[in-house]
Structures are given as structure tokens and as C-alpha cells.
Amino acid sequence: MPELPDVEIARRDLQRWLSGVRIAAARTTDRYISRGTSPAAFARDSAQQKVKQVSRRGKWLRIELEDGARIFSHLGMTGSWARVGAEDARQRWERARLTVVQRGVTSGVVYIDSRRFGRLILVREDIAEWRELGPDPLADGIDVARLGKELARRRRAIKDVLMDQSVLAGMGNILVTEALWHARIDPRSQAGALSKKELRAVGRELSKELERELRDKERERPTREGEGNFIIYGHAGEPCPRCGTTLSRMVLAGRGTVFCAGCQVRAEAQSSSIGPKSSPERTKNASP
DNA sequence: CTCTATGTTTAATT
DNA sequence: GAATTAAACATAGA
């Protein structure tokens, strides 16, 4: 499920289902997901509390309880939240259930996660993973000047840096893959070698991707969730819709990466032994 | 059986 | 040290 837009949709759902609502009972069934917290402690520390609000930074959710405790939720790769009837049977892959009472009506809010890469952590202070997040590109917008400074001192590939949650909180593999294609930038380009113009293109395309995804998710809600509206993600081997070159796939920063070797330009710092800091060069990739 | 997967962390290697 | 890469985590589906 999860990149920033999915998590924002989850936040809105949880806000609707939980805000101002009393938690009658909480059940967790997976210490791996709750990071060692026992089901008994989780239930004890959340029971009878009212939820103040549900906030989000990047891909993290924070359910704030009235006594200062808070539940951090990360959806990992396959996590999702859903509302069920009070008496509904355990869902497939259900890992936690909050039983809540709103105006006398009892219902269940369940966390479902087949792969169990997600997290559900009940604590009394903000966790480091939350505090160390960079600016949220949806809530804070993308400050191109600031982003440029972050990129300038890094030699890692641009795709790797854009997925770094301390640089921008919430960008994931799909959105970055798509945005770099729109911006016509090769994902292997050195982050610090992008020109001002390329930098602006990256910022603009990231924002557009976020908004487009969010719009799509708002609309086609419970309908199919399959990979539908991506232009190049999942389309390696097919012709590039812009230039017709066969789309390439490679592993970059540990993640499957699709790109067009025909129209995504690679920016790289000149690393010749003659000058330590020469101007960036732009190279056109050869077709495969 | 093999390969891939919307994420993050940690160990190993360069 | 910094940077990069591979592996690990658990499980499903093609």
C-alpha cells in the first residue's frame, strides 16, 4: 500500500474513525510489529483513552491519546487500516484491533499486514524515526533551494537520495521512479550534479506525482488497487511512451528501477584526476 | 523452484 | 570515516 499518498489516505480514515473516540479495548497479536511491547501492556496503556487526533509525517502515522501516550504506525510494504463491525471475525492478516465506542456504537478499527514489515508502537515520547524525518513534501511543500543544498553535498545517485526519508519524508520507489522519468533525469545521476533547471524539474515533478496519486486514491477508493496509473513503473521492456526506446530495468540502491535510456539524461560530476571540481557534464545514454 | 514486491535497518565490503 | 551494496526481516503472488 504505502507511499505518502496512501499513508495520507490512511490518516484521514483514522482521523474519521478515531478522533474524539474512546478506545474500549486494544488487541495486538504480533510482538514483531509492536516491537516487543506485550499485548497486555499495549491493551493496558491504551484502554479507556480518548484519541485526540491522528497526524502524519512522511510515511509515519501518529495516533495521539489524551494522556500523552501515542501510537506510531508505519505501514511497511503491505500494511493497511480498515474499519469492521464490532463482532466481525478476525480479518485475514489482522495484526491488531482497536475496539472503539462512538456515541454508544461499538466498532473495530483493525490493522492488517500480510508481510509484517509495518510497525505499531505505543510510547510516551516521539520515536527517533519520527523526529529524524525531513520536511514533508505534502504538508510543507518542496523547498527547491533547500533541497538543492541537501543534494549538493551528496554523491549518491539522485534516486537514492530522493528516497532518503531524512531529505524528503514520504517519497518511495514508485513516485521517485515516475517523477524522474517526467523530469527526464537518469536515476543514476549524481545527486550533487543536477543543474538548477534539473533541480526545479525534479521538485515540480515530485509535487505533481504526489498530487496526482492523492487525487487518484481519493477517487478510486475501494475499487481495484492494482498498479494502474503508472507510466513506467512496472513497464520495463515496453516502449517508452515519450520516445519509444525500450524501457530498462536495473537495481539501484537496492530497489528495482525502471528508466528510459533514450530520454532520461544522466548528470554526473567530472571525476577526472586533473581537476577536483570541474563543471558537470551531460551525457546522452546509448540505446541498449 | 525462481523471481519480484509500494520499506527500513543492519551487517559486510569497498 | 564515508559510501555503497547485500542481506535480512515475512509472506504472497506470478
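Just so it is clear, the structure is predicted and the values come from calculations on it, not from any experiment. Basis for what follows: all heavy atoms, side chains included, without hydrogens, waters or symmetry-related copies. Protein chains get the first letters and strands the later ones, always in sequence-line order, with residue 1 at the start of each.
- Look at C/dA10: it lacks any Watson-Crick or wobble partner with both distances under 3.5 angstrom.
- Whole-Å rounding puts the A/I121 CD1 to B/dT9 P distance at 10 Å.
- Among the atoms of the strands shown, none is found under 4.0 Å from any heavy atom of A/R154.
- Of the candidates A/V54, A/V109, A/D13, A/W81 forms a side-chain contact (heavy atoms from CB on, under 4.5 Å) with just one, namely A/V109.
- The side chain of A/W93 sits closest to C/dT11 out of B/dT6, C/dT11, B/dA5.
- Using P as the reference atom, B/dC3 and C/dA7 are 13 Å apart when rounded to the nearest Å.
- Between C/dC9 and A/Y32, no contact under 4.0 Å exists linking OP1 or OP2 to a side-chain N or O.
- A straight line from CZ of A/R249 to C1' of B/dA5 spans 10 Å, rounded to a whole angstrom.
- Separating the CE atom of A/M77 from the C1' atom of C/dA12 is a distance of 12 Å, rounded to the nearest angstrom.
- By the rule that hydrophobic residues join a cluster once side-chain heavy atoms approach within less than 4.5 Å of another member, A/M163 and A/L199 end up as members of one cluster.
- OP1 or OP2 of B/dG7 has not a single side-chain nitrogen or oxygen of A/Q165 nearer than 4.0 Å.
- Put simply, CG on A/D160 is 10 Å from C1' on C/dT5, counting in whole angstrom units.
- If you check every strand for non-hydrogen atoms under 4.0 Å, A/R115 touches a base.
- The distance from atom CE of A/M163 to atom P of B/dT8 is 10 Å, rounded to the nearest whole Å.
- C/dA7 shows a glycosidic angle more than 90° from 0 and is accordingly assigned anti.
- Rounded to an integer number of Å, the gap from CD1 of A/I112 to P of B/dT6 is 21 Å.
- The side chain of A/R116 contributes an N or O atom lying less than 4.0 Å from OP1 or OP2 of C/dT11.
- For A/H74, a side-chain nitrogen or oxygen approaches OP1 or OP2 of B/dT8 to under 4.0 Å.
- Under the stacking definition used here (centres under 5.5 Å, planes under 30°), the residue A/F117 qualifies as stacked on the base of C/dC9.
- Atom pair A/L151:CG and C/dA3:C1' shows a separation of 16 Å (rounding to whole Å applied).
- Remark: the backbone N or O of A/I174 is paired with a side-chain donor or acceptor of A/E3 at under 3.5 angstrom.
- Taking atom CG of residue A/D113 and atom P of nucleotide B/dT6, one finds them 15 Å apart after rounding to whole Å.
- One finds no side-chain N or O of A/R255 lying less than 4.0 angstrom from the OP1 or OP2 phosphate oxygen of C/dT5.
- OP1 or OP2 of B/dT6 has not a single side-chain nitrogen or oxygen of A/K59 nearer than 4.0 Å.
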| said: Assess the residue pair A/E211 and A/R215 against the criterion (salt bridge (Lys or Arg N to Asp or Glu O under 4.0 Å)); give the C-alpha distance rounded to whole Å, side-chain angles, the decisive distance to 0.1 Å, and a yes or no. | reply: CA-CA 6 Å; A/E211 275 156 37; A/R215 248 185 294 113; 5.8 Å; no
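- B/dT6 and C/dT4: their C1' atoms are spaced 23 Å apart (whole Å).
- Counting any heavy atom pair closer than 4.0 Å across all strands shown, A/G254 reaches no nucleic acid atom.
- Pairing for B/dT6 is absent, with no Watson-Crick or G-U wobble pair whose two atom distances lie under 3.5 Å.
- Relative to the ring axis of A/F72, A/R35 does not place its NZ or CZ within 45° and under 6.0 Å from the centre.
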| query | Going through the checks in order, is the side chain to side chain contact (heavy atoms under 4.5 Å, CB included) test met by A/E178 and A/F230? | reply | CA-CA 7 Å; A/E178 295 282 302; A/F230 303 120; 3.7 Å; yes
